[in-house]
Amino acid sequence: MTGLLALWPSGWSRERRTTATILLASVLLVLVMWLISKPLALLPEPIGPAADEFAAGTQVTVELTLVAGISGVLIGVLAAVAKLAPFAPIRWAASLYVWAIRGTPLLVQVLFVFLALPLIVPVQLTDFSSAAVALGVNVGAYNAEAIRAGILAIPRGQTEAARSLGLSPVRTFLDIVFPQAFKISLPPLVNNIVALLKDSSLAYVIGVVELSNIGNRVQAETFRPVPVFLTTASIYLVLTTVLTQISGAIEARLDIEQRSR
Amino acid sequence: MPGIPTPTPTTRPALIETWGVSKRFGEVTVVRDVTTRFFEGEVAVIVGASGSGKSTFLRMLNRLERHDAGRIMVDGIELDDNTRHLDAIRREVGMVFQQFNLFPHLTALENVSLAPRRVRGTSRAEARRQAQEILARVGLADHAHKHPFQLSGGQQQRVAIARSLAMQPKVMLFDEPTSALDPEMINEVLDVMKDLARSGMTMIVVTHEMRFAREVGDRILFFDHGCLLQEAPPDDFFDRQQHDRIRAFLGQLAH
């Protein structure tokens, strides 16, 4: 699927086409969030009467994905850097984090943050916040490995050149290593974010009223599982499609050599 | 520390001095007890067979490799684990690599202007103006906007030289700068290096280009099995060579 990138005049530069695509797809995402009740309302029973509920569920799903996705990328970067730190205890802590999170079910993690965490630390998060924390921490562990792989793929000569120009280790990472590593890490990162969008449905078990939760409720009220779950699945498909359009455009933007054209 | 010679005062100021410098990789000693000095405005050319330790020695001069024994002073600063010393030294020592090591995600202009902005705090506009000037000096004024992958090997290496020059170093280290180039591109890089030498830049060059060594070098250093076997002016080194081993080395190159 080529997608939105192919929409633009061939005379446009790569920067212009990718920027236009990112903007258009982002606008589409907002439109889907806010206006999806309009087309759904036109559908016959049992979808039409529940259009507003589906729209609300879609919004929560998108919000959950954005909050957990953005924090998951930040956590991933930090954990990846920590895993490559010269100081061994920092490496151990990061490895422990990835090991524990990757080795346990997401469902258990969601339940843990909502039900068990308040008994350990005196903070009761809302159901939405609990789900966002669990999802962000979970996807962060997978992101850490994707980003670490990207950092390790950058030749040593890049760091040597930057350091011998007098750049500090931090500047070397920010200006030289990370921008190149991010480009390599992007496809697996997108995998993780798409998985996150769908895994956000697990927030359902702690009562977050997101898309899957809505689907199940409407099904329980109408006893019409076929149209209800087809609709639910279709909305997820629309969301993941828009998401991969954005990520595809970012990838094309970073692809200076245009190797994957 | 016992066994390490202390610096002896000289009349001519040396920019870089090494005393009894050694380096081991595991069991193998790749640089053994090298004592020498490099003077301001001098072009020193280091030659020797592959694996003789000449590149490792060069890379020790800005601590891309740590020395296990001995002392190195650069512009009056001791090269040691003190990061402030290291930062100060790296600002004054430029390095050009065999594989160019340009930053592929940046344009030629950005490659050259990055370090002055980040390290010297030069403004973006001023750094770009200077970078454009230096790129013109290496004959690449028209290629400033290109990314490294759009440039030939020779052009890339000239951008790499410009990138080092932008920091206005006191000394430039060249680690086999033409070894990764196609033959037809070697001269454009050597010409830039000759210009640089004529302008009075202090240069330490590891190379297999004997013509360049003879033409531009003020002094030739010959490395063999990690040892600095001989230091001599080019005439003595190439035309009045007494040492059998070096004669054999030069003889192989002639064929």
Side-chain angles (χ1 to χ4, degrees), chain A residues 12-19 22 77 80 85-88 147 149-187 189 247 249-261, chain B residues 55 58-65 83-84 86-107 110-121 145-151 156 159-169 171-175 180:
Chain A
W12 282 22
S13 70
R14 184 176 52 85
E15 282 81 3
R16 205 162 169 191
R17 272 182 289 134
T18 50
T19 307
I22 294 167
V77 173
F87 187 54
I147 293 165
I151 292 173
L152 288 176
I154 307 305
R156 241 171 80 99
Q158 291 290 305
T159 311
E160 289 184 352
R163 298 287 288 122
S164 67
L165 283 167
L167 264 65
S168 67
V170 172
R171 283 254 70 103
T172 299
F173 180 77
L174 292 178
D175 287 330
I176 304 305
V177 176
F178 185 71
Q180 298 182 60
F182 185 73
K183 177 182 146 187
I184 297 171
S185 305
L186 197 58
L189 278 180
S247 65
I250 295 174
E251 205 175 313
R253 168 134 209 149
L254 297 178
D255 184 22
I256 294 165
E257 298 179 33
Q258 311 205 4
R259 285 196 301 190
S260 54
R261 188 162 51 166
Chain B
S55 277
L58 187 80
R59 288 164 58 83
M60 285 196 292
L61 299 181
N62 71 346
R63 215 171 178 72
L64 289 180
E65 306 286 355
T83 50
R84 229 168 335 138
L86 187 59
D87 290 346
I89 287 169
R90 283 189 169 153
R91 279 196 290 271
E92 307 302 339
V93 180
M95 177 111 187
V96 174
F97 300 86
Q98 183 178 352
Q99 301 295 341
F100 327 138
N101 294 347
L102 287 182
F103 307 131
H105 60 302
L106 303 178
T107 63
E110 289 164 344
N111 265 279
V112 178
S113 60
L114 179 74
R117 286 177 59 201
R118 295 297 194 227
V119 182
R120 300 253 190 245
H145 61 285
K146 290 187 181 167
H147 282 87
F149 81 98
Q150 294 167 301
L151 300 170
Q156 288 191 50
V159 173
I161 293 172
R163 179 176 68 175
S164 273
L165 282 177
M167 284 299 284
Q168 299 173 324
V171 51
M172 294 262 288
L173 311 178
F174 292 84
D175 187 7

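Labels below follow one simple rule: chain letters A, B, ... track the order of the sequence lines, proteins then strands, and each chain is numbered from 1. For the numbers below, each heavy atom of this structure counts, side chains included, while hydrogens, waters and symmetry mates do not.
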Sort B/R59 into side chain, backbone, both or neither according to what part of it lies under 4.5 angstrom from a heavy atom of chain A.
side chain
Could you state the interatomic distance from CD1 (A/I256) to NZ (B/K146), rounded to the nearest 0.5 Å?
15.5 Å
Checking B/V93 against chain A: side chain, backbone, both or neither under 4.5 Å from a heavy atom?
backbone
B/H105 side-chain N/O to A/D175 backbone N/O, donor-acceptor pair under 3.5 Å
yes
Considering all heavy atoms of both residues, which atom of B/N62 and which atom of A/S164 are nearest to each other, and what is their separation?
ND2-CB, 3.4 Å
With rounding to the nearest 0.5 Å, note down the distance linking CG in B/N111 to CD1 in A/I176.
7.5 Å
Chain A contact via B/F103 - side chain, backbone, both or neither, heavy atoms under 4.5 Å
both
Measure B/L173 against the heavy atoms of chain A and call it side chain, backbone, both or neither at under 4.5 Å.
neither
Sort A/R163 into side chain, backbone, both or neither according to what part of it lies under 4.5 angstrom from a heavy atom of chain B.
both
Search all heavy atoms of A/L165 against all heavy atoms of B/A115 and return the closest pair with its distance.
CB-CB, 3.9 Å
Which atoms of B/H147 are under 4.5 Å from chain A, going by heavy atoms: the side chain, the backbone, both sets, or neither?
side chain
For A/Q158 and B/P104 the tightest heavy-atom approach is OE1-CD, 3.4 Å
